[in-house]
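Hydrogens, waters and symmetry mates are skipped; everything else that's a heavy atom, side chains included, is used. Just so it is clear, the structure is predicted and the values come from calculations on it, not from any experiment.
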Protein chains: 2
Amino acid sequence: MVLSTAAEDYLKTIYKLRETGVRAVGNEARGNEARGNEAREGAPVTTQALADGLQVAAPSATAMVKKLASLKLVAHEPYRGVTLTPAGEKIALEVIRHHRLVETFLAEVLGMDWDQVHDEAEKWEHILSEEVEAKIDAALNSPTHDPHGAPIPTLDGRIASDGWQPLLRAGAGDRVTVRRVSDRNPAVLRHLREVGLIPGARLEVLRAAPESGVLELQVEAQARIVGTEPARAVWVSHDGDTPSSNLQNDAAENRK
Amino acid sequence: MVLSTAAEDYLKTIYKLRETGVRAVGNEARGNEARGNEAREGAPVTTQALADGLQVAAPSATAMVKKLASLKLVAHEPYRGVTLTPAGEKIALEVIRHHRLVETFLAEVLGMDWDQVHDEAEKWEHILSEEVEAKIDAALNSPTHDPHGAPIPTLDGRIASDGWQPLLRAGAGDRVTVRRVSDRNPAVLRHLREVGLIPGARLEVLRAAPESGVLELQVEAQARIVGTEPARAVWVSHDGDTPSSNLQNDAAENRK
DNA sequence: TTTTATTTTTAGACTGGCCTAAACTTAAGA
DNA sequence: TCTTAAGTTTAGGCCAGTCTAAAAATAAAA
């Protein structure tokens with residue numbers, strides 16, 4: 001199936017919104033509700049969320065959704081939202097695999113800064129051939145995670161579902177390990193690296209004031225982040241948590 | 001100047017057609033007419049040649065030429081053809097630099113076959129950022145030629161003008177060195193490698209029958225190529241020729 | 001020089017992806 | 001239940017890049 005760059009971006013965005021949408025459901029209490037491979041149902045993705053995620057107007061999203069539906073890559077219930085079909089999810093995972101492989105390659109082989117690789121990968125993910133993908137995968141020895149800690153889908157469309165919590169939800173006194181950071185915003189990434197919040201860093205939360213967006217942390221050195229955006233951009237595991245890297249076939253699960 | 005992929009392809013193709021067009025002028029006699037940096041005037045590129053080179057219909061070429069002319073990237077004399085302005089040539093050389101750097105990178109770093117890298121580079125050349133270009137250039141130690149022997153333009157838009165002859169024009173008894181091969185056709189490239197015609201190979205022409213397209217060569221082993229296409233895809237220097245790698249600023253020369 | 005063949009350009013149309021404005025659904029509140 | 005607000009879809013248009021068919025210009029031949 002040969003798709004346009006735009007169509008691939010829509011599929012990828014639907015996948016990501018559904019994924020994070022799930023995590024956001026019922027998250028007031030921090031604790032044992034968002035572990036590993038809980039039921040991955042989640043609500044369909046709304047047109048508005050899709051349009052916002054892609055920075056286009058809502059009617060543009062509607063139009064593309066109808067096109068993808070006619071290709072049987074998404075299921076669209078008018079006024080209700082959209083979900084990926086197994087075929088659509090397969091393509092979304094391929095694009096995400098490309099993206100994260102390229103990020104890893106750019107960082108590890110070409111030595112690019114980790115705040116730059118995301119924007120590059122956004123372009124590369126759409127033109128990567130099977131051959132180049134395989135060469136890059138081999139050169140990196142089939143990496144499982146990208147430089148930001150995000151899991152890289154396998155060639156056959158399975159992806160590890162980490163169950164990490166956003167740092168945002170950690171409370172004062174918690175001792176946690178940074179597992180993943182969002183690659184979206186270069187400025188946030190540079191800030192995170194400055195204060196030491198990179199995957200693998202261990203830290204203790206000294207003071208947490210989620211409302212005001214102030215978080216004081218004991219890392220190697222002491223760190224302080226302000227605003228919910230950085231705290232939202234970091235996923236952590238609470239010390240004692242299992243590494244929880246169970247591969248799952250998303251497409252298969254989708255079919256149920 | 002941010003251009004579409006299509007616009008960049010047109011500029012690149014105009015550059016290449018003009019370049020090879022020059023070489024084709026008055027080439028009956030083989031000898032001292034096509035050396036190094038002779039006057040690079042050549043005829044303007046015709047609409048038909050451009051359309052053929054890009055595999056589009058002639059009216060499509062006319063339309064894009066008018067657009068590029070409005071951007072002052074080409075000079076268009078209706079019914080007479082088109083030439084690059086210095087600004088247009090600068091962009092063409094940037095695209096060609098990207099292409100050849102990527103080819104070199106894919107071959108040397110990722111170990112791809114030399115018959116595959118051209119098609120990949122056709123896609124990469126349009127999305128390569130300055131940063132990645134610089135990283136690749138550094139990783140390869142600023143290469144001067146790509147795996148097929150074509151010169152890589154410098155960052156400031158100068159390109160070595162080799163003065164090699166097409167193998168097609170060699171006569172029986174000539175002793176020559178392969179300098180460059182065309183990267184266009186993967187099948188031809190595989191064939192050339194099979195018979196040993198890679199840059200650096202030294203060979204003696206045993207028998208030449210240009211009309212029938214048969215060429216018998218003594219390489220390391222004996223080789224025989226049939227058809228004008230392979231013979232046209234190879235540039236050679238006659239033994240004793242100087243390496244002739246004089247950088248020139250094409251854009252400057254164009255301005256005269 | 002006139003006719004003919006070839007090439008180039010214009011005219012008009014189509015697709016993909018985007019937009020704004022307006023109409024329509026759904027969900028929420030009175 | 002009715003009204004209103006919010007979100008979604010339809011209607012209609014724009015731009016880039018392509019196409020075919022027809023008209024115009026140039027070059028070649030008579």
> Checking all strands, does B/T47 fall into the base, sugar-phosphate, or nothing category for heavy-atom contacts under 4.0 angstrom?
Replying inline: sugar-phosphate
> Pick the nucleotide of DNA chain C nearest each of A/V56 and B/A49; which residue has the one closer to the 5' end?
Replying inline: B/A49
>> Looking at A/R100, is its backbone amide N or carbonyl O close enough to the side chain of A/T104 to form a donor-acceptor pair, meaning the two atoms are under 3.5 Å apart?
In response: yes
>> Does A/R180 qualify as a cation-pi partner of A/W235, given the criterion of NZ or CZ under 6.0 Å from the six-membered ring centre and within 45 degrees of its axis?
In response: yes
>> What is the first contacted nucleotide of DNA chain D and what is the last, in 5' to 3' order, if contact means an atom lying under 4.0 angstrom from a heavy atom of chain A?
In response: D/dG7 to D/dT10
>> For B/H99 together with B/H118, are the ring centres under 6.0 Å from each other?
In response: yes
>> In the structure I gave you, are the side-chain heavy atoms of A/I136 and B/L110 within less than 4.5 Å of one another anywhere?
In response: yes
>> My understanding is that only one of B/E133, B/E8, B/H126, B/E103 makes a side-chain hydrogen bond (donor to acceptor under 3.5 Å, both in side chains) with B/H98; could you say which?
In response: B/E133
> Does B/R232 reach the side chain of B/S182, with side-chain heavy atoms less than 4.5 Å apart?
Replying inline: no
>> Quick check: on DNA chain C, is the nucleotide nearest A/Y79 upstream (toward 5') of the one nearest A/A7, or the reverse? Name the residue that is more 5'.
In response: A/A7
>> Could you report the tightest heavy-atom contact between A/R97 and A/P153, atom names first, then the distance?
In response: NH1-O, 2.9 Å
>> Can you give me the first and the last nucleotide of DNA chain C (5' to 3') that has an atom within less than 4.0 angstrom of a non-hydrogen atom in chain B?
In response: C/dT8 to C/dT10
>> To the closest 0.5 Å, what do you measure between CG (A/L3) and CG (A/L71)?
In response: 7.0 Å
